[in-house]
**Q** 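Submitted below is the structure of interest, expressed as structure tokens.
In what follows, every chain begins at residue 1, and chains take the letters A, B, ... in the order their sequences are listed. Please read all numbers here as calculations on a predicted model, not as lab measurements.
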Amino acid sequence: MDKKVRVRFAPSPTGGLHIGGVRTALYNYLIAKKNNGTMILRIEDTDQTRYVEGAEEYIKEALAWVGIQLDESPWQGGKFAPYRQSERKDLYKKYALKLIEEGNAYYAFDTEDEWDSKRKELEAAGVVSPQYNSITRMQMKNSLTLTAAEVKAKLAAGEPYTIRLKVPHKEDIRVHDLIRGWVVFHSSLLDDRVLLKSDGMPTYHLANVVDDYLMQISHVIRGEEWLPSAPVHVLLYKMLGWENEMPQFLHLPLIMNPDGNGKLSKRYADQLGFPVFPIEWHNKEKQATMTGYREAGYFPETMVNFLVLLGWNAGTEQEIFSMQELIDSFSIERIGKSGTKFDINKAKWFNQHYLKATSNPTLARLLLADLAKNNRTLSQEKAEKVVEILKERVTFVKDFLTEGKYLFDAPQTFDEQIASKKWNQPLVEVLNGYKNALQTHQESLEAHTAKEILNKTTDSLGVKFGSVMQGVRLAITGAGAGADLMEIIAFLGADEVSKRIDYAVSTLKVVS
RNA sequence: GCACAGUUCGUCUAGGGGUUAGGACGUAUCCCUUUCACGGAUAAGACACGGGUUCGAUUCCCGUACCGUGUACCA
């Protein structure tokens, strides 16, 4: 019970890391940190055909971005190195052979085609999902049906083979899951899983069990999609004599599409216009770039906070958590059991929260970086002013550019609906009067003086201040709504405001 | 099909044998405000269904329905 907490996140480098994978990594990390444990990253690259160049680097960068720190990994090493399964290849065979020796596994010489045709034959005979199991294995070419001499000869001749687990006929296999309690499976429903593939690589099942044992993993924390194969793993622990060292299992609820139709998928996310990847992923094969949350403007704090609440809660009404607060309050007992639908709205709300919590100078620097991408610049001071004016109305840093486009560019067009309602003769007179009054404030203009001047102008013309405001806004920003107009005027300065007034007055037609 | 999970407002969830079933996002209305936004307030909105057990069930048990996962020499 006092076993040291050692957890691993074990992705396979087959492409961009899915956002669900990030949550799994997060839960692993939090459980490790909460218990003064060790966070391990292991690369499960046993399927050479699916290996994708760049995927490992991607995983590394994505985890770093959200702030998950690794204690042991292929990139930094550790006392159980190597952490890449392809580099541990030889290890697995030893255990597979041990299983054979003890009668818990066997050589199978059937080619994939042979098994395929057998499967089709069974399907034709009405078997819904044919399995290589305790019944069918006796009709196949393997060390259970062949004589010892035949097996020896085939091996000596270098014939390709797989090693399959010999699942017992009738046995209840009990799996204990920390989230779900005891789950019982019957062995007759399990098939003789391939443990070692014909290319000499282990399958997930063998590699996973062997490595978790050797790396002294205390908790296996993975998605619920693994629950059905958990009995195979339990069987392996038993057969290898490691039952007492078997880790605790936690099968996390799945993250679903917003309408609940299956696991959150890329296709679906695309349709609804949100990313499934933490950071941008370049698919070289398809020559496509998938955008990530980072590029979409989400803060890492947002992702951590949003993701952790998909399947866990503190039991209090607190919803905003920093990583450190999560480490302090995370608990296995409060992880939920049911699948959770992905709600991008909530993520946006978190982002807005974290944006508001970010200091203006920092936000200004981020804005400046965005501006630079469009080949524009601004002084840090001006940028901070932009941030101040717009902060309460944006969700993402990139929104400063769109929400506040009138701070950067004079309007070319004007909101027609507003213009048709508000653009009248008194307004034009106010604007001209205002422009003239502004002449004396070329040097500097503050929001409150901008307001005073406008007030005086309306007073002298006998026009109500409020009746003219939206029209003034329209002339200066092109829109009927937006940030505090006096702040905008102060930001733009008398000169620019005058130019905009001239343009509006000469462009818009007065309505009666 | 079979196996295994799961099911509280639209969504994330709290709760748990007796509650006005609580919060957050979203939605609506109002207030604030020159507009919009922010903020504040208010409102609408849920225990899948059927049987038990019980004085009493949303909570415990059993079934049904629905949803999901799995059913590869993929992870």
Side-chain angles (χ1 to χ4, degrees), chain A residues 10-14 21 44-47 49-50 85 108 110-112 115-116 119 126-132 160-164 175 177 179-180 183-186 188-191 193-205 207-208 222-231 251 253-254 256-263 306 309-320 334 336-350 352 356 390-394 403 418 451 454 464-474 477 479-486:
Chain A
S12 79
T14 53
E44 309 231 325
D45 56 349
T46 52
D47 187 349
T49 63
R50 296 211 307 159
Q85 289 184 328
D110 321 281
T111 63
E112 279 189 78
W115 171 235
D116 263 2
R119 189 207 312 257
V127 180
V128 182
S129 52
Q131 291 188 317
Y132 201 120
Y161 64 88
T162 62
I163 293 178
R164 281 183 183 268
V175 176
D177 182 283
I179 294 173
R180 288 153 218 286
V183 182
V184 184
F185 298 84
H186 198 83
S188 61
L189 275 345
L190 265 32
D191 61 351
R193 284 289 172 47
V194 169
L195 263 20
L196 203 74
K197 301 186 266 191
S198 56
D199 65 358
M201 277 289 193
T203 57
Y204 171 86
H205 309 291
N208 181 267
R222 70 227 312 187
E224 197 187 350
E225 70 264 36
W226 290 107
L227 191 52
S229 48
H251 291 94
L254 264 14
M256 322 285 282
N257 284 316
D259 68 356
N261 257 174
K263 278 199 281 187
F306 171 62
L309 259 19
L310 255 29
W312 176 87
N313 73 84
T316 64
E317 287 186 352
Q318 184 177 357
E319 289 210 275
I320 301 294
R334 298 205 64 88
K337 293 179 172 68
S338 41
T340 67
K341 295 182 189 96
F342 193 86
D343 180 14
I344 197 66
N345 264 332
K346 191 89 181 211
K348 286 181 182 166
W349 178 77
F350 278 118
Q352 194 178 23
K356 280 196 266 182
L390 264 18
K391 197 174 184 180
E392 296 299 312
R393 44 213 318 120
V394 300
E403 180 66 34
I418 306 290
K451 188 168 184 176
L454 183 59
K464 265 178 141 180
F465 184 79
S467 71
V468 103
M469 272 307 287
Q470 205 175 19
V472 176
R473 175 184 294 283
L474 183 72
T477 69
D484 187 297
L485 185 55
M486 297 309 143

**Q** Looking at residues at least two apart in the chain, or sitting in another chain, which of them share a ring pair (Phe, Tyr, Trp, His ring centres under 6.0 Å) with A:Y132?
**A** A:W115
**Q** Produce a footprint string for nucleotides 69-75 of chain B: one letter per nucleotide, 5' end first; B if the base is under 4.0 Å from any protein heavy atom, S if only the sugar-phosphate is, - if neither.
**A** SSSSBBB
**Q** With sequence neighbours left out, what residues match A:K391 under side-chain hydrogen bond (donor to acceptor under 3.5 Å, both in side chains)?
**A**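 Expected list: A:N360.
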**Q** Which residues satisfy the ring pair (Phe, Tyr, Trp, His ring centres under 6.0 Å) test with A:Y204, sequence neighbours excluded?
**A**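 A:W226, A:H233.
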**Q** With sugar-phosphate meaning primed atoms plus P, OP1 and OP2, does A:G482 contact a base, only sugar-phosphate, or nothing at under 4.0 Å between heavy atoms?
**A**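 Contact class for A:G482: base.
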**Q** Can you tabulate the close N/O pairs, meaning under 3.5 Å, that link protein atoms to atoms of nucleotides 45-49 of chain B?
**A**
none

**Q** Taking only residues two or more places apart in sequence or in another chain, which ones pass side-chain contact (heavy atoms from CB on, under 4.5 Å) with A:A479?
**A** A:T477
**Q** Can you list the residues that meet the side-chain hydrogen bond (donor to acceptor under 3.5 Å, both in side chains) rule with A:K346, with sequence neighbours excluded?
**A** A:E319
**Q** By side-chain hydrogen bond (donor to acceptor under 3.5 Å, both in side chains), which residues pair with A:R473, not counting sequence neighbours?
**A** none
**Q** For A:Q470, which residues count as a side-chain contact (heavy atoms from CB on, under 4.5 Å) partner, sequence neighbours excluded?
**A**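 Listed in chain order: A:I418, A:K422.
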**Q** Scan nucleotides 20-28 of chain B nucleotide by nucleotide, 5' to 3', and note B when protein non-hydrogen atoms come under 4.0 Å of the base, S if they reach only the sugar-phosphate, - if neither.
**A** --SSBS---
**Q** Partners of A:N313 by side-chain hydrogen bond (donor to acceptor under 3.5 Å, both in side chains), sequence neighbours excluded?
**A** A:R334
**Q** Could you measure between the two C1' atoms, the one in B:rA21 and the one in B:rG15, and give it in whole Å?
**A**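 Per the computed distance, 8 Å lies between those C1' atoms.
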**Q** With a 4.0 Å cut-off on N to O distance, would you call A:E224 and A:R180 a salt bridge?
**A**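 Salt bridge between A:E224 and A:R180, a charged N being under 4.0 Å from a carboxylate O: yes.
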**Q** Classify A:K356 by what it touches in the nucleic acid, base, sugar-phosphate, or nothing, heavy-atom distance under 4.0 Å.
**A** sugar-phosphate
**Q** Give the rounded distance in Å between these two atoms: CD1 of A:I320 and P of B:rC12.
**A** 18 Å
**Q** For A:T49, which residues count as a side-chain contact (heavy atoms from CB on, under 4.5 Å) partner, sequence neighbours excluded?
**A**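 A:T49: side-chain contact (heavy atoms from CB on, under 4.5 Å) contacts with A:D47.
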**Q** When the P atoms of B:rG6 and B:rG10 are compared, how many Å lie between them, rounded to an integer?
**A**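 One P to the other, the span is 23 Å.
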**Q** Mind checking the C1' distance from B:rA3 to B:rU8? Whole angstroms is fine.
**A**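 Between the two C1' atoms, the distance is 27 Å.
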